[in-house]
Asker: 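Have a look at this one.
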There are 2 protein chains.
Amino acid sequence: MSEARRGRPREFDRDAAVAAATALFWERGYQATSIGDLTAAMGIRPGSLYAAFGDKMSLFHEVVEAYQRSPAGAFAGIALAEEPTARGAIARILREAAAVYADPGHPAGCLVISAATNIAAQDVEIEKFLRERRDQNLRALADRLGEARRAGELPSTADPRALAAYFAAVIQGMSQRARDGATTAELAGTAELALAAWPS
Amino acid sequence: MSEARRGRPREFDRDAAVAAATALFWERGYQATSIGDLTAAMGIRPGSLYAAFGDKMSLFHEVVEAYQRSPAGAFAGIALAEEPTARGAIARILREAAAVYADPGHPAGCLVISAATNIAAQDVEIEKFLRERRDQNLRALADRLGEARRAGELPSTADPRALAAYFAAVIQGMSQRARDGATTAELAGTAELALAAWPS
DNA sequence: ACCATTCTAGAGCGATCGTTCAAGAAGGTG
DNA sequence: CACCTTCTTGAACGATCGCTCTAGAATGGT
């Protein structure tokens, strides 16, 4: 079923180009990353970028999707799926966030949290796009905590949505602190303190 | 000693113009706010803006200073100065942040936290400028918690810097959540949960 | 009255923005 | 081989960026 694609073959590695674009968008955000920055980092000319990715917004969409499939972008969902208890899942998310957000191997913090916070009027769709992903993560947390309460892991007095909002705020704050230079050690301390809010 | 200033008098209200600029920078951030946006909102022409404020960066500095003297920007420092206990100060900061960050009377969240998160290479000084203010706030928190431990309000096993980093992360996360549309009620719930981390 | 000073209005500066285009190069298909 | 398709290159598009300039208007000082 492999369709032999016709025409002149691409001369650059598409995945490597997306990775280079990811690093830039992650570091500086959507709007502060120009096409010139991107073509320089990807080692291609504007024509190639537009032929391969459409436009800047489509490239960004592709970057976010690749990011969310990568370890740095997927660890929270994996923890929610793998850990048997809600408390275990959230503890793991917080501890892994401490390691991932301050990992010097890539830009600090979370791309979904920080790549579109300062956006001009013309690019509101980009802001909405990332906000929807964050809302989705918040809902996933709240759903998991709701299950936990129904299963008796949480006392009936606990408020799953309030807990989810709290942990989401902590995670977003950890991302911000990482971008301000916080070390993994500091973030790990924050993670442990945050867990003290778990209802007993 | 009042120097009667010579020359044609300014035709616009300087404070009102700064307030209009503050609203824009607060809502969209430094880079996403253009001179054209500013002059339109302030009701003046570029020449007047540059005569009165110097350049975009100087105007932003002035906006940040005015913001930090305003209730929305000063409440944390006031709470630290007025409350007799560190715990009382931090509780008040968190609760007031819930009200201030989601106040519909002005843009959501904190300007110092969110106005320069996506910045291009040419404007790194702006990013550093706000980061220094955040570092200053973090130090003030850590200092207050250090005093509290020396005074016996905190157990000797408590780590003031780790606690300060934790509460700073929560506050920054609450700002982000507010910008994503969180209500005062949600943020107030987050504030109470965050306080559960206080060492007993 | 006259000058020095400071403001406003409006045009316009060079640079950069995201994007497109024309020409040619590199492959598969007949 | 010619031909279609797709990619690369380099120039260049109109729009917008931050900012400046010129001309004139409005004040105080002398």
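All heavy atoms count here, side chains included; hydrogens, waters and symmetry mates do not. The sequence lines fix the lettering, A, B, ..., with proteins before strands; numbering per chain opens at 1.
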Asker: Give the ring-plane orientation class for A:Phe167 versus A:Trp198, where under 30° counts as parallel, over 60° as perpendicular and anything between as tilted.
Answerer: tilted

Asker: Please work out if A:Thr33 contacts a base, only the sugar-phosphate, or nothing of the nucleic acid, heavy-atom cut-off 4.0 Å.
Answerer: sugar-phosphate

Asker: Between B:Tyr50 and B:Gly7, name the one whose nearest nucleotide on DNA chain D is closer to the 5' end.
Answerer: B:Tyr50

Asker: With respect to the side chain of A:Arg6, which nucleotide from C:dG18, D:dT5, D:dC17 is positioned closest?
Answerer: D:dT5

Asker: Without decimals, in angstroms, what is the distance between A:Asp123 CG and C:dC17 P?
Answerer: 14 Å

Asker: Ignoring the backbone of B:Ile35, work out which of C:dT19, C:dT8, D:dG18 is nearest its side chain.
Answerer: D:dG18

Asker: Assess whether one donor atom and one acceptor atom, taken from the side chain of A:Arg8 and the base of C:dA25, lie less than 3.5 Å apart.
Answerer: yes

Asker: Quick check: closest heavy atoms across B:Ala164 and B:Leu145, and the distance to 0.1 Å?
Answerer: N-CD1, 3.5 Å

Asker: Is the distance from OP1 or OP2 of D:dT9 to the nearest side-chain N or O of A:Arg45 less than 4.0 Å?
Answerer: yes

Asker: Side chain of A:Arg10 only, please: which of C:dT19, D:dC7, C:dA4 is the nearest?
Answerer: D:dC7

Asker: Relative to the 5' end of DNA chain C, which residue comes earlier, B:Pro9 or A:Gly47, by the nucleotide with the nearest heavy atom?
Answerer: B:Pro9

Asker: Any idea how B:Phe60 and B:Tyr30 line up, ring-wise: parallel (<30°), tilted (30 to 60°), or perpendicular (>60°)?
Answerer: perpendicular

Asker: Taking the nucleotide of DNA chain C with the nearest heavy atom to each, does B:Phe12 or A:Tyr30 sit closer to the 5' end?
Answerer: B:Phe12

Asker: Specify the separation, in whole Å, of atom CG of A:Leu59 and atom C1' of C:dT19.
Answerer: 14 Å

Asker: From CD1 of B:Ile44 over to P of C:dG10, roughly how many Å is that when rounded to an integer?
Answerer: 14 Å

Asker: What is the distance, to the nearest angstrom, from the CG atom on B:Asp37 to the P atom on D:dC17?
Answerer: 7 Å

Asker: Figure out the CD1/C1' separation between A:Ile126 and C:dG18, and round it to whole Å.
Answerer: 13 Å

Asker: NZ of B:Lys56 versus P of C:dA15: gap in Å, rounded?
Answerer: 19 Å

Asker: Using whole Å, what does the distance between atom P of nucleotide C:dT8 and atom CG of B:Leu49 come to?
Answerer: 10 Å

Asker: Take atom CZ of B:Arg131 as the centre, draw a 6.0 Å sphere, and report whether it contains more than 12 heavy atoms from other residues, nucleotides or ligands.
Answerer: yes

Asker: Compare side-chain N and O positions of B:Ser48 against OP1 and OP2 of C:dC7 and report whether any pair is under 4.0 Å apart.
Answerer: no

Asker: Compare the minimum distances between each of D:dC19, D:dG18, D:dT8 and the side chain of B:Ser34, then state the nucleotide with the smallest one.
Answerer: D:dG18

Asker: Would B:Glu83 and B:Arg144 pass as an ion pair if we require N to O under 4.0 Å?
Answerer: no

Asker: Expressed as a whole number of angstroms, how long is the span from A:Arg5:CZ to D:dC7:P?
Answerer: 8 Å

